[in-house]
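Contents: one structure, followed by commentary.
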Amino acid sequence: MSTTNPAATRPNQKTVWVRETRFGRWFLSTHTWYRYVLSQAIVDFKALLGERLPAQARILDAGCGQGLAFGLLAQHFQPAAITGIDIDAEQVKKAVNAASQLAIPCTAQHTNASAPTLAAESFDIILCHQLLHHTSQQQETLQEFYRLLRPGGILLVGESCRSFINSVPVRLLFRHPQMAQKDAQGYIDLVRSNGFVFGEQDVQTSRPWWSRRCLGMAQKIGIGLHNTEPTEILIVASKPH
Ligand SMILES: C[S@@+](CC[C@H](N)C(=O)[O-])C[C@H]1O[C@@H](n2cnc3c(N)ncnc32)[C@H](O)[C@@H]1O
């Protein structure tokens, strides 16, 4: 386990990161997040991957936060090793602790996902779960993922779409760079335009209850039934051989 200083947080550099609110950081440690958002995404990614899941993969968890995905990745993906990176030093301290609980090699580093600090082609899978809507450097981050994956390596992108991020409760309780928000098609285009390949069958969109108006209660009483715009998207993309 190690911690390093991400170059992008040096004061003389352009601000690329907006820190999550205290509420947001707390929410990421709740059972609700773990069960209904993160665990569900890992299970869905595994189903989308099917036979393509590489054995003994070296996994990068980009924007690993507190390292909550480490145990899930170990359980569902049986990797050889996991490396977590996050730009928030406070989160990385917790991730280092989570990494120490695992039986397989697992490390957590204080690193900006868009800054080259890790060796090229050193990962078989990159998990990027709910990171992109937090950074204004989405192109640079995707380019860095392309560099870090071996040819044929797999990128798992899970994102919340603009319609959810811009909803009133989310705007009140959380903090995101507004100019970075995209709809589902925007994330598809972003990943494709950075050289990754995937088909329609590799994309899953949804409107889970927690992302709907009044946590889905409004629809239960007939309000907003017409709104079917996806709030969440999962993409399983590959770096070509
Ligand atoms: C919504 S949290 C998701 C955490 C974790 N992936 C999960 O699903 O539980 C987003 C995380 O991305 C991190 N993050 C945002 N911008 C980043 C960047 N440029 N490089 C690395 N981490 C970043 C934040 O610090 C935060 O921990």
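Note that these values count all heavy atoms, side chains included, but never hydrogens, waters or copies made by symmetry. Indexing begins at 1, ligand by ligand and atom by atom, following the structure's order. Each residue takes its place number in the sequence, starting with 1.
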| Candidate with minimal heavy-atom separation from atom 26 (C) of ligand 1, of Leu127, Asp88, Asp86 | Asp86
| message | Applying side chain to side chain donor-acceptor pair (under 3.5 Å) to Asn166 and Gln181, what does each step give before you reach the verdict? | response | CA-CA 8 Å; Asn166 286 350; Gln181 304 313 316; over 6 Å; no
| request: Report yes if some N/O of Leu28 lies less than 3.5 Å from some N/O of ligand 1; otherwise report no. | output: no
| message | Between Glu90 and Arg25 (salt bridge meaning N to carboxylate O under 4.0 Å), is one present in this structure? | response | yes
| field | ligand 1 atoms in contact with Asn112 (distance to a heavy atom under 4.0 Å) | value | 18 (C), 19 (N), 20 (N)
| said: Within the 3.5 Å criterion, strictly below it, is a donor on Gln143 or Gln137 matched to an acceptor on the partner's side chain? | reply: no
| task | Go through Phe27 and Phe174 one step at a time and tell me if the ring-ring contact (aromatic ring centres under 6.0 Å, His included) criterion holds. | result | CA-CA 10 Å; Phe27 183 69; Phe174 301 87; 5.8 Å; yes
| query | Is Leu73 reachable from Leu234 through a run of hydrophobic residues whose side-chain heavy atoms are each under 4.5 Å from the next? | reply | yes
| said: When you measure from the heavy atoms of Trp33 to every atom of ligand 1, does any distance fall below 4.0 Å? | reply: yes
| query | Looking only at N/O atoms, are Leu68 and ligand 1 under 3.5 Å apart anywhere? | reply | no
| field | Member of Leu156, Leu155, Leu60 meeting the side chain to side chain contact (heavy atoms under 4.5 Å, CB included) criterion with Leu127 | value | Leu156
| said: Heavy atom to atom 15 (C) of ligand 1, shortest distance: which of His110, Glu20, His134 holds it? | reply: His134
| query | Taking N or O atoms only and a 3.5 Å limit, does Ala113 qualify as a polar contact for ligand 1? | reply | yes
| query | Hey, which atoms in ligand 1 end up nearer than 4.0 Å to a heavy atom of Thr111? | reply | 20 (N), 21 (C)
| message | Please confirm whether Leu38 approaches ligand 1 to less than 4.0 Å, judged on its heavy atoms. | response | yes
| query | Can you find an N or O of His129 that's nearer than 3.5 Å to an N or O of ligand 1? | reply | yes
| field | Residues that Ser39 engages under side-chain contact (heavy atoms from CB on, under 4.5 Å), provided they are two or more places apart | value | Tyr34, Leu72
